[in-house]
Amino acid sequence: FYVNEKNEENVFAESTKFGILDAEGNVVLPPVYDNAVAVGDNCFVVEKVNSGVRESALVDSDGKVIFDYFKGNLLPVFHEGNVRMLIVDESDGTDFLIDTDGEAVLDIGFENLFYAHTTGWAGYESAEAVKGISNNKYYLIDYTGKVIGIFGEEPSIKKSYGNGINLTAAYRPY
C-alpha cells in the first residue's frame with residue numbers, strides 16, 4: 001500500500017511512501033519506503049532514495065534487515081510465482097546473486113548480471129534463467145542458482161529446433 005502527504009491518488013508523487021499489508025489488511029511494514037515489494041511470505045525488497053541515490057535492502061516482516069542497504073537495485077528472480085534468489089545490482093560494483101536469507105548463491109562476481117528473457121534453452125522458459133558476464137565469459141544460471149552453461153562469447157539463437165535451440169557459441173556444461 002502507499003500513502004503520501006497530500007493524501008492524493010498518485011503513486012508517482014515524490015511524497016509517496018510504500019509499505020506492506022497482509023491479506024487481512026494489517027500493516028506488516030509501515031509506509032516509510034520509496035518502494036516495497038514482497039518476494040516471499042516473510043521477505044521484502046525495500047528501497048529508499050536519498051539525494052537522488054537509490055539504496056535497496058532485503059527485510060523481513062518485522063523490518064529486520066536480512067541483506068543490508070547498498071547503492072543499487074535488488075532484483076528478485078521469479079519462477080512459478082516464487083523467488084529463490086535475487087540479483088544484487090550494485091551501482092558502482094560487482095553484481096552477484098543472493099538467496100532470500102541474504103546469503104551468496106555463487107562464489108562468482110559479475111560485471112553484469114541480468115534476466116535472460118529469451119534464453120530459448122531446452123527446458124528453460126523466459127525469465128527462468130539469469131545471464132552473467134565475468135572475465136570475458138558468459139554464464140547461464142538457472143532459477144535455483146545452478147550454472148547451466150559457460151560460453152566463450154555471448155550466445156545467440158541461430159535456429160530454433162522445437163524444444164531446444166542451436167547456439168552460435170560453443171558451450172561447456174557446468
Side-chain angles (χ1 to χ4, degrees), residues 1-4 9-119 121 123-134 139-149 174:
F1 75 103
Y2 68 92
V3 298
N4 61 45
E9 291 290 323
N10 180 1
V11 296
F12 301 108
E14 286 188 30
S15 60
T16 299
K17 297 295 179 190
F18 291 83
I20 301 289
L21 296 174
D22 65 15
E24 288 78 42
N26 301 311
V27 174
V28 175
L29 293 177
V32 295
Y33 304 101
D34 292 302
N35 196 14
V37 178
V39 294
D41 291 337
N42 191 31
C43 193
F44 308 90
V45 171
V46 295
E47 296 177 345
K48 292 182 178 180
V49 179
N50 297 315
S51 302
V53 177
R54 179 189 316 273
E55 294 183 347
S56 302
L58 189 64
V59 300
D60 66 15
S61 61
D62 294 325
K64 179 183 167 205
V65 176
I66 298 170
F67 187 82
D68 208 0
Y69 283 93
F70 67 97
K71 293 178 184 175
N73 296 306
L74 197 51
L75 309 167
V77 178
F78 288 94
H79 173 69
E80 296 178 351
N82 297 314
V83 174
R84 294 188 183 174
M85 63 182 183
L86 301 99
I87 298 171
V88 177
D89 182 12
E90 293 183 326
S91 296
D92 299 327
T94 303
D95 294 353
F96 55 97
L97 293 167
I98 62 170
D99 60 21
T100 55
D101 292 326
E103 300 296 324
V105 173
L106 295 171
D107 290 333
I108 303 171
F110 297 91
E111 291 95 43
N112 199 351
L113 198 56
F114 51 94
Y115 285 110
H117 290 291
T118 55
T119 60
W121 192 283
Y124 292 89
E125 297 299 324
S126 178
E128 285 187 358
V130 173
K131 278 172 65 175
I133 303 169
S134 180
Y139 291 77
L140 189 60
I141 304 157
D142 75 7
Y143 65 93
T144 67
K146 179 182 174 190
V147 175
I148 55 177
Y174 196 76

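Treat the numbers as computed from the prediction; the structure is a model and nothing was measured. Below, each value reflects all heavy atoms present in this structure, side chains not excepted, and no hydrogens, waters or symmetry copies.
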Worksheet item: How far apart are the C-alpha atoms of I148 and I141, what are their side-chain angles, what is the distance that settles it, and do they pass the side chain to side chain contact (heavy atoms under 4.5 Å, CB included) test?
Response: CA-CA 6 Å; I148 55 177; I141 304 157; 6.0 Å; no

Item to complete: Determine, stepwise, if the pair V32 / K17 fulfils side chain to side chain contact (heavy atoms under 4.5 Å, CB included).
Response: CA-CA 5 Å; V32 295; K17 297 295 179 190; 5.7 Å; no

Pairwise side-chain contact, [X] with [Y], heavy-atom cut-off 4.5 Å (strictly under):
| X | Y | value |
| --- | --- | --- |
| F67 | V88 | yes |
| V45 | L58 | yes |
| Y139 | K131 | no |
| V46 | Y69 | yes |
| D68 | F70 | no |
| V147 | L140 | no |

Worksheet item: Can you tell which of D89, N73, L75, I133 makes a side chain to side chain contact (heavy atoms under 4.5 Å, CB included) with D95?
Response: D89

Worksheet item: In this structure, which one of V37, V39, V28, D60 forms a side chain to side chain contact (heavy atoms under 4.5 Å, CB included) with F44?
Response: V28

Which distance, rounded to the nearest 0.5 Å, do you find between the [atom1] of [X] and the [atom2] of [Y]?
| X | Y | atom1 | atom2 | result |
| --- | --- | --- | --- | --- |
| R54 | L74 | CZ | CG | 11.5 Å |
| L86 | L113 | CG | CG | 11.0 Å |
| M85 | L106 | CE | CG | 7.5 Å |
| Y143 | N82 | OH | CG | 9.5 Å |
| E90 | K71 | CD | NZ | 11.0 Å |

Worksheet item: Looking only at atom types and distance, does a side-chain atom of S56 sit under 3.5 Å from a main-chain N or O of G72, one as donor and one as acceptor?
Response: yes

Worksheet item: Would a distance-only check, ignoring hydrogens and angles, find a side-chain to backbone donor-acceptor pair under 3.5 Å from D101 to E103?
Response: no

Item to complete: Please report the closest heavy-atom contact between A36 and G19, naming both atoms and the distance.
Response: CB-O, 4.3 Å

Fill in: Closest heavy-atom pair and its distance - F110, S134
CD2-CB, 3.8 Å

Item to complete: Using a cut-off of 6.0 Å, state whether more than 12 heavy atoms not belonging to N26 lie near its atom CG.
Response: yes

